[in-house]
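Chain identifiers are assigned alphabetically (A, B, ...) following the order of the sequence lines, protein sequences preceding nucleic acid strands; residue numbering begins at 1 within each chain.
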Number of protein chains: 2
Amino acid sequence: MAMQTAEKTPRDDPPGPWDRPADEPCPIRDVLDRIGDQWSMLVLSALWEGTKRFNELGRQIGDISKQMLSRTLRRLEQDGFVRRTVYAEVPPRVEYELTDLGRSFMVPMRALVVWADDNHAAIRAARDSYEG
Amino acid sequence: MAMQTAEKTPRDDPPGPWDRPADEPCPIRDVLDRIGDQWSMLVLSALWEGTKRFNELGRQIGDISKQMLSRTLRRLEQDGFVRRTVYAEVPPRVEYELTDLGRSFMVPMRALVVWADDNHAAIRAARDSYEG
DNA sequence: CCGCATCCATTGTGATACTG
DNA sequence: CAGTATCACAATGGATGCGG
């Protein structure tokens, strides 16, 4: 790939989706489409604490249906965020853990979690005071 | 549980949603529910560059319908991310800009954009090599 | 120019029952 | 225990036309 001039600081100025060719979908859209659903982020957060089994995840998240947990895990696995390990035992045991990719994703993601935690009150206040 | 050093670094270890009372919705869920949709992030990115008018935003994003742009802007305004200014002119002119809250949100968010940009190839590769 | 209302297609989510 | 299959419903998103 072509090298750019050194005075550009891409880390401070990522391109907008409109700055890139249309044949390649914009990365942030591609990522947000996946983790922007109702459950992916919660599953990733739970797995951040360590390896978990299927029902263990379900219990921890609390209000997720088995179906959605299954679908969410499958998609995260498919995208390389989560590794699934099946043990040939009776009763069956399946463990889920973050991959390196998943763990590296959680770094910026957790910065966002911190922001959300710090600014939640402000958002709710804005919502409440909105007139429309 | 992940192995961590004993030092207390709350910014490195935000609580999971299950660690908080149920009466207050978990902040990250509340935030992701809003910006996790198809368009919010793109609109915020566009406004990061500066104040924009309605159709200017629409043209820049490209494939967003007027309806979705309208809905997205309204919700972002409602949550305090965006300020809307109407000028009593003919023809009417409406300008949108990020609030301080919106701008502060974009700091962690852009870290995520950078991550997505850096790791997009890996995600697509994982997706392609997935056998299921 | 701005943006809302309406209609409609698609997708996400939940409940339940069933399988290995 | 760890899922899958099926059905039903809500939410999301696109297209178009109308109104301020």
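- The salt bridge (Lys or Arg N to Asp or Glu O under 4.0 Å) check on B:R127 picks up A:D30, A:D79, with sequence neighbours excluded.
- The side chain to side chain contact (heavy atoms under 4.5 Å, CB included) test applied to B:A116 returns A:P27, A:I28, A:V31, not counting sequence neighbours.
- End-to-end axis angle of the helix from C:dC1-D:dG20 to C:dG20-D:dC1, from C1' rotation axes over five pairs per end: 40° (rounded to 10 degrees).
- A:R84 meets the side chain to side chain contact (heavy atoms under 4.5 Å, CB included) test with A:E77, A:V86, A:V94, A:Y96; sequence neighbours excluded.
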Stepwise side-chain contact (heavy atoms from CB on, under 4.5 Å) check, B:T99 with B:V82: CA-CA 5 Å; B:T99 62; B:V82 164; 5.6 Å; no
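- For the pair B:L44 and B:F81, the minimum side-chain heavy-atom distance is below 4.5 Å.
- We find that CZ of B:R75 is positioned 12 Å from P of D:dA11, with the value rounded to whole Å.
- B:W39 meets the side-chain hydrogen bond (donor to acceptor under 3.5 Å, both in side chains) test with no other residue; sequence neighbours excluded.
- Rounded to a whole Å, the CG atom of A:L69 is 11 Å from the P atom of D:dT4.
- The distance between atom CE of B:M68 and atom P of D:dT12, rounded to the nearest whole Å, is 8 Å.
- Using a distance-only test at 3.5 Å, with no hydrogens or angles considered, a donor-acceptor pair links the side chain of B:R75 to the main chain of B:R34.
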B/S/- contact track for nucleotides 15-20 of chain D, protein heavy atom under 4.0 Å: B-B--B
side-chain contact (heavy atoms from CB on, under 4.5 Å) between A:L47 and A:M106, worked out: CA-CA 10 Å; A:L47 288 177; A:M106 289 305 283; over 6 Å; no
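- B:S70 places no side-chain N or O within donor-acceptor distance of the main-chain N or O of B:K66, the cut-off being under 3.5 Å.
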Show which side-chain atoms of residues 54-63 of chain B pair as donor or acceptor with protein atoms under 3.5 Å away, not counting sequence neighbours.
unit_1	atom_1	unit_2	atom_2	d
B:E56	OE1	B:R53	N	3.0
B:Q60	OE1	B:K52	NZ	2.9
B:Q60	NE2	B:E49	OE1	3.1
B:Q60	NE2	B:E49	OE2	3.4

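- Using a 4.0 Å heavy-atom criterion, one finds that A:Y96 contacts the sugar-phosphate atoms exclusively.
- Contacts between residues 31-46 of chain B and DNA chain D, defined by a heavy-atom separation under 4.0 Å, are made by B:D37, B:Q38, B:W39.
- Screening residues 91-103 of chain B for salt bridge (Lys or Arg N to Asp or Glu O under 4.0 Å) gives B:R83-B:E97, B:E89-B:R93, B:R93-B:E95 as the qualifying pairs, with residues at least two apart or on separate chains.
- Checked against side-chain hydrogen bond (donor to acceptor under 3.5 Å, both in side chains), B:S40 has the following partners two or more places apart in sequence or in another chain: B:D37.
- Going from atom CZ of A:R74 over to atom C1' of D:dT4 covers 9 Å, rounded to whole Å.
- For DNA chain C, the contact window with chain B, defined by any atom under 4.0 Å from a protein heavy atom, covers C:dC1 to C:dT6 in 5' to 3' order.
- Shown here are the side-chain hydrogen bond (donor to acceptor under 3.5 Å, both in side chains) partners of B:S104, two or more places apart in sequence or in another chain: A:W115.
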